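Below: the structure, in structure tokens.
These numbers come from a predicted model, not from an experiment.
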Amino acid sequence: MQRSWRPGPAMLVTAAFIGPGTVTACSMAGLNFGYGLLWALAFATFATIILQLLAARVALATGKGLAESMMSAAPGKASRWLMAILILLALAMGNAAYEAGNLLGANLGLSLALPGAQDNGLRLIGTGLAAGILVLLGRPKWLEILLILLVLGMTATFVGALFLLPVDWSSALAGLVPALPENGLFTAIALIGTTIVPYNLFLHAASVKGRFAADAEGIAAARMDTIVAVATGGLLSMAILLVGAALANGGSAGGNALGDIAGGLKQGFGQPASTAFALGLLGAGFSSALTAPLATGYVVAEIVAPDDPTRHSLIFKATALAVIAIGTLSASLALDATAAILVAQTANGLLLPVVATFLLWIAFKRLSLSPLARVSAIMVLLVCFLLGARLILRAIGVWP
């Protein structure tokens with residue numbers, strides 16, 4: 001008998017892609033285009049569900065993490081080395097560079113939630129230390145529970161803010177119909193890109209191993225876990241966009257920074273609305289500050305020590321702590337991580353379609369998929385190629 005649903009490892013995916021970048025992108029999409037790009041988030045949620053389901057199914061079918069599976073499937077030693085370098089550049093280097101933004105986002109949320117407190121570097125270092133201690137001492141199940149609570153807290157704060165704002169629900173429903181507002185193409189693609197995140201595929205594959213059996217009941221449980229968790233993240237992203245759209249309609253936000261949005265909420269709708277937004281930003285930053293190093297640790301350990309549990313654990317924790325340390329140092333010293341981010345964007349632009357292609361190849365080969373699932377997966381694969389091209393073009397300065 002199949003057990004009832006309860007939050008599982010897929011919630012790590014939601015905690016990962018709802019970060020400061022997503023809060024910023026969704027808020028600004030609402031401010032600049034109203035409700036007109038809600039459909040982009042709906043599509044991004046659907047595409048993410050398809051990819052994360054494939055990642056989970058492949059992990060259950062092979063008994064391996066995604067990085068380990070890709071390495072073993074690569075033909076020849078040279079191609080395995082190239083695959084390892086690409087994965088490490090995209091995930092290890094990229095997450096270390098982006099970790100500073102996650103910590104800064106969490107620190108900004110804390111500053112906005114406590115407007116009377118003095119903002120200083122010690123608070124930022126404290127946030128990094130808290131993340132490091134949780135990774136070093138926390139057990140995977142405890143971290144999973146913490147991240148689930150952060151996701152639920154973000155959902156409560158952003159959805160709660162909607163009850164304080166004049167949302168035009170008829171326009172919101174109309175925004176679910178695909179249509180591009182004038183000058184809205186780049187923003188629509190950005191909304192999709194901030195939801196479909198390459199490292200989440202590795203994080204999800206690593207986290208489902210040992211949690212679900214590879215039988216029909218286990219697959220069904222993993223499927224429900226993925227659908228509910230990613231759908232929750234998609235609805236959360238939509239709620240953030242609705243906050244921005246309601247502010248735009250109310251004329252309460254005059255700038256384009258997160259602090260201006262919080263100030264607009266306070267001016268137009270009182271301190272509770274501003275505090276709710278700030279707490280949501282805090283949760284988004286801290287959850288991503290945990291999941292980015294976790295994903296990096298899983299990937300490096302899979303590549304370096306796939307068959308040695310003791311070394312795997314040591315490398316996992318050392319890598320995760322290194323990502324947090326680099327992010328904290330970069331943020332506290334205001335170091336310029338532009339070069340690292342550009343390299344990471346280029347590597348991610350190459351990695352995303354490669355990972356998506358691998359997922360489809362092994363899924364079509366080993367899994368029993370319906371014709372509709374196959375067509376949906378191919379459609380998502382094409383989107384991954386477009387998103388990969390966008391990342392590369394951004395890295396070389398062609399894309400804004």
Side-chain angles (χ1 to χ4, degrees), residues 15-25 27 88-138 143 146-147 150 153-154 194 197 199 203 255-263 275 277-297 299-300 315-345 347-348 395:
F17 76 74
I18 303 294
T22 298
V23 175
T24 302
S27 299
L88 291 174
L89 283 175
L91 274 70
M93 185 174 180
N95 285 342
Y98 293 130
E99 182 71 356
N102 295 329
L103 293 170
L104 287 170
N107 192 53
L108 176 59
L110 189 60
S111 299
L112 295 173
L114 303 171
Q118 184 179 1
D119 187 16
N120 55 51
L122 290 178
R123 182 186 299 171
L124 180 63
I125 294 172
T127 305
L129 283 174
I133 291 171
L134 286 170
V135 168
L136 182 62
L137 301 180
L143 291 174
L146 173 61
L147 289 167
L150 285 171
M154 285 188 284
T194 197
V197 182
Y199 85 74
L203 177 63
N256 62 1
L258 294 174
D260 293 331
I261 295 173
T275 300
F277 183 85
L279 291 174
L281 178 59
L282 170 61
F286 196 69
S287 65
S288 292
L290 285 175
T291 51
L294 289 177
T296 310
V299 167
V300 175
I315 292 171
F316 165 76
K317 290 192 174 183
T319 303
L321 290 174
V323 169
I324 295 172
I326 292 171
T328 304
L329 182 65
S330 299
S332 60
L333 299 180
L335 299 179
D336 187 3
T338 302
I341 290 173
L342 292 179
V343 173
Q345 284 181 339
N348 271 295

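For the pair T291 and F17, the minimum side-chain heavy-atom distance is 4.5 Å or more. Inter-residue side-chain proximity for P20 and L104 is flagged as unmet; no heavy-atom pair is nearer than 4.5 Å. Looking only at side-chain heavy atoms (C-beta outward), F286 and T127 come within less than 4.5 Å of each other.
For the atom pair CG of L279 and CG of L110, the computed distance is 9.0 Å after rounding to the nearest 0.5 Å. The OG1 atom of T275 sits 9.5 Å away from atom CG of L112, with the distance rounded to the nearest 0.5 Å. Atom CG of L282 and atom CG of L108 lie 10.0 Å apart (nearest 0.5 Å). Note: E99 CD to I326 CD1 = 9.5 Å, rounded to the nearest 0.5 Å. Between L321 atom CG and F316 atom CZ the span is 9.0 Å, to the nearest 0.5 Å. Summarising the geometry, atom CG belonging to L281 is positioned 12.0 Å from atom CD1 belonging to I18; distances are rounded to the nearest 0.5 Å.
Contact record, L103 with A289: CD2-CB, 3.8 Å, taken as the closest heavy-atom pair. Across every non-hydrogen atom of M154 and G280, the tightest pair is CG-O, 3.7 Å. Nearest heavy-atom pair across A292 and N102 is CB-ND2, 4.0 Å. Minimum interatomic distance between K317 and V135 (heavy atoms only, all atoms of both residues): CE-O, 4.1 Å. For the pair V23 and A284, the tightest heavy-atom approach, listed with the atom from each and the gap, is CG2-CB, 3.8 Å. In this structure, I324 and P293 approach most closely via the heavy-atom pair CG1-CG, 3.6 Å.
With hydrogens and angles left out, the side-chain atoms of N95 and T296 include a donor and acceptor closer than 3.5 Å.
Of the possible polar contacts, none joining the T319 side chain to the G297 backbone as a donor-acceptor pair under 3.5 Å is found. When atom types are taken as modelled, the side chain of S287 and the backbone of A16 share no donor-acceptor pair closer than 3.5 angstrom. Between the side chain of S288 and the backbone N or O of G285 there is no donor-acceptor pair closer than 3.5 Å.
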